[in-house]
K.L.:
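The structure's right below; bear with me while I get my questions together.
Everything numeric in this text was worked out from a predicted model, so none of it was measured. Atoms within each ligand, like the ligands themselves, are counted from 1 in listed order.
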Amino acid sequence: MNVISVENLSFKYRRASDYALKNVTFNVERGEFLGIIGPSGSGKSTLCLALNGIIPNSIKGEFTGRVVVRDSEGREFDTRKTPVSQLSPLVGLVLQNPDSQLFNMTVEEEVAFGLENLALDPNEIGRRVRWALEISGLWGLENEFPPNLSGGEKQRLAIAAVFAMRPQVLVLDEPTSQLDPLGREEVLGLLSLLRREYGITIVLVEHHTDYILRHADRVLVMDAGRVIFEGTPAEVAEETELLKSLGVKIPASLEISYELRKRGKLKKLLITPEELLSELRSSGG
Ligand code: ADP
């Protein structure tokens, strides 16, 4: 079942000369991990903001088409007709910059904040705060002042605060782009855990495509406001030349295996250095 349907969505920001999204159509299926890649300015962030209704409710512009979110009981919410406060517990959004998302005095309060807005019982709030902080590896830091955390911890806190609301979908817009390699690993590790343990539906925009090509169920490739390709990671890997022409950063192993295959020296495309090395060894290369 689709948890989000995007139908012929076009959006132009106020005062912008061109549309940031042009006739975009796709579904997010319950339980899937959908990756979104594309060059800078192709509309990925705009699309994320449209998935939980910030566009067009808070950020206004010319909006045509429809975005529909479904809750666990199958009730439908058209984002144009539903307040963001009602949509955000269903579609949790995590942005690039963790500092822009944290505004409470302690780690614990940060997670409790969204839950208080859901008017949950205080005991239930306490349980969920602990649960979300344990999952994200932050239990023990609950009394810390969020700005004192490392980049990876801050972003894990932002994810914990959203995940504690038990959203239908977690939408993450380049959550690791401002983190060092360790922070990036921590955040992507947490996403893998949320998939593995809780089967949460994920929509992830990532500049580093290796994680998406290794773990996503399906990938959308965007350019100039349009979805120009949609397929499995294996199908997207076949589009290496297209990705390179768009300026999308692809894993070195994919690029090397693509070139070797073109020259008849390798049979398949490989995403990780480990896979490439083991294939080269077994083929005597
Ligand atoms: P991406 O996330 O792929 O980098 P964006 O969604 O940020 O792409 O941007 C898509 C297009 O919309 C770009 O041309 C960008 O300049 C424009 N844009 C983004 N935000 C705004 C805004 N607040 N006002 C006007 N134009 C915007």
K.L.:
Do protein heavy atoms approach atom 10 (C) of ligand 1 to less than 4.0 Å?
P.N.:
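There is a protein heavy atom less than 4.0 Å from atom 10 (C) of ligand 1.
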K.L.:
Which of the atoms in ligand 1, numbered in the order shown and given with their element, are less than 4.0 Å from a heavy-atom of Thr46?
P.N.:
5 (P), 6 (O), 9 (O), 10 (C)
K.L.:
Looking only at side-chain N and O atoms, does Thr25 offer a donor or acceptor that is under 3.5 Å from a partner on Asn8?
P.N.:
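Distance-only check passes for Asn8 and Thr25.
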K.L.:
Please name the pair of heavy atoms, one in Glu32 and one in Asn27, separated by the smallest distance, quoted to 0.1 Å.
P.N.:
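For Glu32 and Asn27, the tightest heavy-atom pair comes out as OE2-O, 3.7 Å.
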K.L.:
Is the closest heavy-atom distance from Gly38 to ligand 1 below 4.0 Å?
P.N.:
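Contact absent.
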K.L.:
Under 4.0 Å from a heavy atom of Ser42: which atoms of ligand 1 are those, numbered in the order shown and with their elements?
P.N.:
1 (P), 3 (O), 8 (O)
K.L.:
Looking at atom 7 (O) of ligand 1, what's its closest protein heavy atom, distance included?
P.N.:
Ser45 CB, 3.7 Å
K.L.:
Give a yes/no on ligand 1: does Pro39 have at least one heavy atom closer than 4.0 angstrom to it?
P.N.:
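Within the 4.0 Å threshold, so yes.
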K.L.:
Note the single closest protein heavy atom to atom 8 (O) of ligand 1, along with its residue, its atom name and the distance in Å.
P.N.:
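Heavy-atom neighbour on the protein nearest atom 8 (O) of ligand 1: Gly43 N, 3.0 Å.
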K.L.:
Does Gly41 offer a backbone N or O that forms a donor-acceptor pair with the side chain of Lys44 under 3.5 Å?
P.N.:
no
K.L.:
Write out the residue and atom name of the closest protein heavy atom to atom 3 (O) of ligand 1, then the distance separating them to 0.1 Å.
P.N.:
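Ranked first by proximity to atom 3 (O) of ligand 1 is Lys44 NZ, 2.8 Å.
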K.L.:
Looking only at N/O atoms, are Ala20 and ligand 1 under 3.5 Å apart anywhere?
P.N.:
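It does not: no N or O of Ala20 is found under 3.5 Å from an N or O of ligand 1.
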K.L.:
Check whether any side-chain N or O of Ser257 sits under 3.5 Å from a backbone N or O of Leu270 as a donor-acceptor pair, and report yes or no.
P.N.:
yes
K.L.:
Considering non-hydrogen atoms of the protein only, which is the closest contact for atom 1 (P) of ligand 1, and what is the distance?
P.N.:
Gly41 N, 3.4 Å
K.L.:
Run the salt bridge (charged side-chain N to carboxylate O under 4.0 Å, His left out) test on Glu275 and Lys268 for me, step by step, so that the C-alpha distance in whole Å, both residues' side-chain angles and the decisive distance to 0.1 Å come before the verdict.
P.N.:
CA-CA 10 Å; Glu275 285 171 332; Lys268 50 185 176 182; over 6 Å; no
K.L.:
I want to confirm something. Looking only at heavy atoms, which of Phe11, Tyr13, Tyr19 is nearest to atom 23 (N) of ligand 1?
P.N.:
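Heavy atom nearest to atom 23 (N) of ligand 1 belongs to Tyr13.
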K.L.:
Please report the interatomic distance CH2(Trp131) to CD(Glu124), rounded to the nearest 0.5 Å.
P.N.:
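With rounding to 0.5 Å, CH2 (Trp131) is 9.5 Å from CD (Glu124).
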K.L.:
Between Glu259 and Lys262, does any side-chain N to carboxylate O distance fall below 4.0 Å?
P.N.:
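Salt bridge flag = yes for Lys262 with Glu259.
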K.L.:
For atom 16 (O) of ligand 1, is the nearest protein heavy atom under 4.0 Å away?
P.N.:
no
K.L.:
Is the Tyr211 ring parallel, tilted or perpendicular to the His215 ring (thresholds 30°, 60°)?
P.N.:
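Taking His215 first and then Tyr211, their aromatic rings sit tilted (interplane angle of 30° to 60°).
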